[in-house]
**Student:** 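Sharing a structure here in structure tokens format.
Model, not experiment: these values are computed from the prediction. Counting starts at 1 for both ligands and their atoms, following the listed order.
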Amino acid sequence: MSDLLTLLEVGAPVAALGGGGAYLRAKHPAAFWCTAGLPISTARLLGTYGSTMESCGLTVQPSRLRALLVQAATRREVRPVPPRRGLIRPTSTGMRVRLRLAPGQEPADVAASAERLRHAWGVHAVYVSEVKPGVVELRLVGFDVLRKVRMPRKTEAGFLKVPVALREDATAYVRDYRTIPHQLTLGATLSGKSMFLRHLVAGLAPQPVALVGIDCKRGVELAPFAPRLSALATDPGQAADLLPVLVRLMEDRYDLIKARQGIAPGTPDEEIASDIWGLPESERPVPVVIVVDEVAELGKGATMLRAQLTGRVCHRVNDEASAKMALGDIAPEAVVAACGIAPERPGLAVAGDNSGGWSRIRTPYLSLADAAAACAASAHLVPDVPALDRFRPVVPAGPTNPPFSLVKPLPVTG
Ligand SMILES: Nc1ncnc2c1ncn2[C@@H]1O[C@H](COP(=O)(O)OP(=O)(O)OP(=O)(O)O)[C@@H](O)[C@H]1O
Ligand SMILES: [Mg+2]
């Protein structure tokens, strides 16, 4: 009987703790990571570092001097040496640790073992990146960060840079218009394309840029952003009027750059401009960012432009051919990853660029009302671009203070 009581006394709290842990892990993985996952994985990493590296083939034979010293001092068998490990730096989603590779090792050797390291240390994923020659950083991610997206607090935001989504390694995916001016975002119906666009518009709204929208679905997605747009086309006819004006604007800018290049001989190299960023700030025209929701609505062959579009984002697709169209010339693995996106996860996508790199990303949820509010709040930032004036959308008067009071005044008595 007393044994049974002891069992209950000890067993019940342990079972409750285990159940609580499993619940926390399933429902609140970030909280589970901070309270239990991080200490457990850190202990596993510290306790098994040498043996894990050895079983992954990431150790090297010790130098002859080291072997002699170890044998003389301890008389023990000399073990192969793992890469020198830096301090473990915990984060809210995982941890980071740097390794110094031995001569002859390369980052790809460590990357090839990422899956084995993940199992050995009980984490969701391990990513490897080269920090500098001979040094790699292991980014251990404790849980699936794309299930419930929370953007990192510190992101690389800036002029013409918008942190739109989260990468699976818990870093921000930043849409940088200066390095990649053109991008194609593709996906099946309800896969999250417009949400991606919503983030771009809301992120650019407080910046000194002109925003132009083409949304041939009668403006259902972009019309709510009208207060911040310099131009909006909501059907193919309007788009056909607007596009030549944009082309002329671009040609005027080429002329401006050319005029600058034609200045007096002897001008120092750094003053010769080949794009608008080379112009002095006082002469530089405001950048124009054009967003098109549903490029297919503009007409046949528009998607053939993809070779020009360095940035590629592919949401869930219904057939492999679509994924191949977006990512086929980037990496075959990226096509496979895009085909595996589940419909229950709208906003999940594969982002690639023409350097062959790709990653899974997911936008956080942003309601249309919040994005529209961000645009309304920065309506005063719409820059002066006279060529676009006739395309400026008419903003319906909002429900601001009514001109007269609807409350019947009561006579003041006294
Ligand atoms: N990251 C996300 N998190 C949660 N819900 C999302 C996310 N992205 C999109 N959704 C939801 O999924 C649905 C479809 O999104 P969206 O309208 O962006 O898709 P779409 O690809 O533009 O569809 P369509 O082809 O019909 O235009 C919307 O209800 C949206 O709120
Ligand atoms: Mg859409």
**Student:** Got the closest protein heavy atom to atom 25 (O) of ligand 1, with its distance?
**Tutor:** Lys193 NZ, 2.8 Å
**Student:** Asp293 to ligand 1: N or O pair under 3.5 Å?
**Tutor:**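 The answer is no, given that Asp293 and ligand 1 share no N or O pair closer than 3.5 Å.
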**Student:** Counting heavy atoms only, which of Met195, Arg316, Arg198 is nearest atom 9 (C) of ligand 1?
**Tutor:**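 Among Met195, Arg316, Arg198, the closest heavy atom to atom 9 (C) of ligand 1 comes from Met195.
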**Student:** With a cut-off of 2.8 Å, does Thr189 place any N/O/S atom under that distance from the Mg ion (ligand 2)?
**Tutor:**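 It does not; every qualifying atom lies at 2.8 Å or beyond.
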**Student:** Just do the side chain to side chain contact (heavy atoms under 4.5 Å, CB included) check on Arg167 and Val141 with the steps written out, would you?
**Tutor:** CA-CA 11 Å; Arg167 281 202 178 93; Val141 182; over 6 Å; no
**Student:** Starting from atom 26 (O) of ligand 1, which protein heavy atom do you reach first, and at what distance in Å?
**Tutor:**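 The protein heavy atom lying closest is Thr189 CG2, 3.5 Å.
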**Student:** Could you check atom 19 (O) of ligand 1 against the protein and tell me its nearest heavy-atom contact, residue, atom and distance included?
**Tutor:** Gly192 N, 3.1 Å
**Student:** Using a 3.5 Å cut-off on N or O atoms only, is Lys217 in polar contact with ligand 1?
**Tutor:**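 Yes, at least one N or O pair falls under 3.5 Å.
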**Student:** What protein heavy atom is closest to atom 1 (N) of ligand 1, reported as residue, atom name and distance in Å?
**Tutor:** Thr363 O, 2.7 Å
**Student:** Quiz question for you: does at least one protein heavy atom lie closer than 4.0 Å to atom 28 (C) of ligand 1?
**Tutor:** no
**Student:** Please evaluate residues Leu327 and Trp358 with respect to the criterion side chain to side chain contact (heavy atoms under 4.5 Å, CB included), reporting the C-alpha separation (whole Å), side-chain torsions for both, the decisive distance (0.1 Å), and the verdict.
**Tutor:** CA-CA 9 Å; Leu327 303 166; Trp358 63 275; 5.8 Å; no
**Student:** So is Gly187 touching ligand 1 or not, going by heavy atoms under 4.0 Å?
**Tutor:** no
**Student:** Quick one: is the NZ or CZ of Arg175 closer than 6.0 Å to the six-membered ring centre of Tyr173, and within 45° of its axis?
**Tutor:**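 No - Arg175 does not lie over the ring of Tyr173 by the 6.0 Å and 45° rule.
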**Student:** Looking at Gly347, which atoms of ligand 1 are within less than 4.0 Å of one of its heavy atoms?
**Tutor:**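 Going through ligand 1 atom by atom, the ones under 4.0 Å from Gly347 are 1 (N), 8 (N).
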**Student:** Which residue, Arg139, Arg362, Arg360, Arg345, forms the salt bridge (charged side-chain N to carboxylate O under 4.0 Å, His left out) with Glu168?
**Tutor:**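 Passing option: Arg360.
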**Student:** Could an N or O of ligand 1 be found under 3.5 Å from any N or O of Tyr365, whether backbone or side chain?
**Tutor:** no
**Student:** Which option out of Leu186, Leu190, Leu146 puts a heavy atom nearest to atom 13 (C) of ligand 1?
**Tutor:**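 Comparing heavy atoms across Leu186, Leu190, Leu146, the nearest one to atom 13 (C) of ligand 1 lies in Leu190.
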**Student:** What's the separation between atom CG in Asn318 and atom SG in Cys339, rounded to the nearest 0.5 Å?
**Tutor:** 10.0 Å
**Student:** For atom 12 (O) of ligand 1, which of Ala188, Pro346, Ala165 has the closest heavy atom?
**Tutor:**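 The residue whose heavy atom sits nearest atom 12 (O) of ligand 1 is Pro346.
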**Student:** Return yes if some donor-acceptor pair links the side-chain N/O of Asp275 with the main-chain N/O of Gly278 below 3.5 Å, else return no.
**Tutor:** yes
**Student:** Distance to 0.1 Å, residue and atom name: give those for the protein heavy atom nearest to atom 17 (O) of ligand 1.
**Tutor:** Ser194 CB, 3.9 Å
**Student:** Going through the checks in order, is the salt bridge (Lys or Arg N to Asp or Glu O under 4.0 Å) test met by Glu251 and Arg248?
**Tutor:** CA-CA 5 Å; Glu251 285 167 352; Arg248 218 166 308 129; 5.8 Å; no
**Student:** Between Thr93 and Trp33, does any side-chain donor sit less than 3.5 Å from a side-chain acceptor?
**Tutor:** no
**Student:** Is a salt bridge present between Glu221 and Lys193, judged by a nitrogen-to-oxygen distance below 4.0 Å?
**Tutor:** no
**Student:** Glu320 and Val335: side chain to side chain contact (heavy atoms under 4.5 Å, CB included), yes or no, with the steps?
**Tutor:** CA-CA 7 Å; Glu320 199 182 308; Val335 174; 4.0 Å; yes
